[in-house]
Trainee: 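I have a structure here, written as structure tokens, and I will follow up with some questions on it.
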2 protein chains.
Amino acid sequence: MNKIESIGSIIRFHRKKAGLTQKQLATLAGVGKTAVFDIEKGKKTVRLNTLTTLLSILNIHLIVQSPLMDQYNHDEGNG
Amino acid sequence: MNKIESIGSIIRFHRKKAGLTQKQLATLAGVGKTAVFDIEKGKKTVRLNTLTTLLSILNIHLIVQSPLMDQYNHDEGNG
DNA sequence: GATATTTTACTGGTATACCGGTAAATAACG
DNA sequence: CGTTATTTACCGGTATACCAGTAAAATATC
């Protein structure tokens, strides 16, 4: 039920649960500390790959939902 | 069940269902045609806000999932 | 309260996302 | 087929994400 708009505070929550500082997470993800700080602060203009790298380290997944997804999934040849 | 990795082809599928060309979608979203083309092609280094603008127009939603999300949601004072 | 750790903030430099224009492939259609 | 619409590709220019330092708040630990 959680939306992408609150991804910053979600990342912060998971990072603390993992016992990591911003810098430690940044190093694990191979990005700068500024990127972690900016994303947790709610910056929307971050790059998708920077975000997804952090998410994968924290075991957070983004799921795509829409009324047409059933059609999409039943259709062969996607991806 | 669909992951963010295939967001490009998902967007393309929804755009066609909506009867829009890349340029029409770009104009609606207030972004350049290059951005739509790149995202549909699978570019991962796009900016999050560029992506989410397209998604909202096509009525596609990104949901955040993780084993710790229950804890996060029961905790007050997030956001 | 003093000290150490972490977070926040600012900076100059570099890489690149994004822009609109243009043009060549590719697809749709008579 | 020929014509039109769409997609793909490339371009120079501009804006900005990101980087590593540095330093000052804020927080935690003793």
Trainee: Got a sec? Which of residues 44-60 of chain B come in under 4.0 Å of DNA chain C, heavy atoms?
Mentor: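 The stretch gives B:T45, B:V46, B:R47, B:T50 as the residues lying under 4.0 Å from the strand, ordered by number.
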
Trainee: Under the salt bridge (Lys or Arg N to Asp or Glu O under 4.0 Å) definition, can you give me all pairs with a residue in residues 49-60 of chain A, not counting sequence neighbours?
Mentor: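 Non-adjacent pairs meeting salt bridge (Lys or Arg N to Asp or Glu O under 4.0 Å): zero.
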
Trainee: Run the side-chain contact (heavy atoms from CB on, under 4.5 Å) test on A:N2 and B:N73 for me, step by step, so that the C-alpha distance in whole Å, both residues' side-chain angles and the decisive distance to 0.1 Å come before the verdict.
Mentor: CA-CA 8 Å; A:N2 286 276; B:N73 287 322; 2.9 Å; yes

Trainee: Taking side chain to side chain donor-acceptor pair (under 3.5 Å) as the test, write out the residues that go with B:T52, two or more places apart.
Mentor: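 By the side chain to side chain donor-acceptor pair (under 3.5 Å) rule, B:T52 matches no residue at all.
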
Trainee: Which pair of heavy atoms, one from A:H14 and one from B:L68, lies closest together, and at what distance?
Mentor: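 For A:H14 and B:L68, the tightest heavy-atom pair comes out as NE2-CB, 3.5 Å.
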
Trainee: The side chain of B:K43 is closest to which nucleotide in this list: C:dA17, C:dA9, C:dC18?
Mentor: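 Out of C:dA17, C:dA9, C:dC18, the nucleotide with an atom closest to B:K43's side chain is C:dA17.
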
Trainee: In terms of ring plane angle, is the pair B:Y72 and A:F13 parallel, tilted or perpendicular, where the classes change at 30° and 60°?
Mentor: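 The arrangement is perpendicular - the two ring planes meet at more than 60°.
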
Trainee: Are the side chain of B:R47 and the backbone N or O of A:V46 linked by a donor-acceptor pair below 3.5 Å?
Mentor: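 Not confirmed, B:R47 side chain does not pair with A:V46 backbone.
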
Trainee: For the helix from C:dG1-D:dC30 to C:dG30-D:dC1, how many degrees between its two end axes (five pairs per end), to the nearest 10°?
Mentor: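 For the helix from C:dG1-D:dC30 to C:dG30-D:dC1, the axes at opposite ends meet at about 70°.
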
Trainee: Mind listing the closest non-hydrogen atom pair of B:I4 and B:K44 along with its distance?
Mentor: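 Looking at all heavy atoms of both residues, the shortest contact is O-NZ, 4.4 Å.
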
Trainee: Who passes salt bridge (charged side-chain N to carboxylate O under 4.0 Å, His left out) against B:K43, sequence neighbours left out?
Mentor: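 Testing B:K43 for salt bridge (charged side-chain N to carboxylate O under 4.0 Å, His left out), a comparison that skips the adjacent residues, returns B:D38.
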
Trainee: Mind checking what makes side chain to side chain donor-acceptor pair (under 3.5 Å) contact with B:T53, not counting sequence neighbours?
Mentor: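 B:T53 satisfies side chain to side chain donor-acceptor pair (under 3.5 Å) with no other residue.
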
Trainee: Hey, which sits more toward the 5' end of DNA chain C by its nearest nucleotide, B:G32 or A:E40?
Mentor: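 Closer to the 5' end of DNA chain C: A:E40.
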
Trainee: Considering all heavy atoms of both residues, which atom of A:I39 and which atom of A:T50 are nearest to each other, and what is their separation?
Mentor: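 Closest heavy-atom pair between A:I39 and A:T50: CD1-CG2, 4.1 Å.
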
Trainee: Would you list the pairs meeting salt bridge (Lys or Arg N to Asp or Glu O under 4.0 Å) in which at least one residue belongs to residues 58-73 of chain A, sequence neighbours left out?
Mentor: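 Applying salt bridge (Lys or Arg N to Asp or Glu O under 4.0 Å) to every pair that reaches into residues 58-73 of chain A, excluding sequence neighbours, yields nothing.
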
Trainee: Under a 3.5 Å threshold, yes or no: a donor from one side chain and an acceptor from the other, between A:H61 and B:S66?
Mentor: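 No, B:S66 and A:H61 have no side-chain donor paired with an acceptor closer than 3.5 Å.
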
Trainee: Please list, chain by chain and in numerical order, all residues satisfying side chain to side chain donor-acceptor pair (under 3.5 Å) with A:R12, sequence neighbours excluded.
Mentor: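 A:R12: side chain to side chain donor-acceptor pair (under 3.5 Å) contacts with A:E40.
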
Trainee: By side chain to side chain contact (heavy atoms under 4.5 Å, CB included), which residues pair with B:K3, not counting sequence neighbours?
Mentor: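 B:K3: side chain to side chain contact (heavy atoms under 4.5 Å, CB included) contacts with B:E5.
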
Trainee: Return the residues of residues 17-29 of chain A meeting this criterion: a heavy atom under 4.0 Å from some atom of DNA chain C. Order them by number, or give none.
Mentor: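 Contacts with DNA chain C under 4.0 Å: A:T21, A:Q22.
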
Trainee: Reading nucleotides 21-30 of chain C 5' to 3', which nucleotides get B (base under 4.0 Å from a protein heavy atom), which S (sugar-phosphate only), which -?
Mentor: BB--------

Trainee: Nearest-Å distance, CZ (A:R15) to P (C:dT5)?
Mentor: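 In whole Å, C:dT5 P and A:R15 CZ are 17 Å from each other.
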
Trainee: Nucleotide range of DNA chain D contacted by chain A, 5' to 3', under 4.0 Å to a heavy atom?
Mentor: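 Answer, 5' to 3': D:dA17 to D:dT22.
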
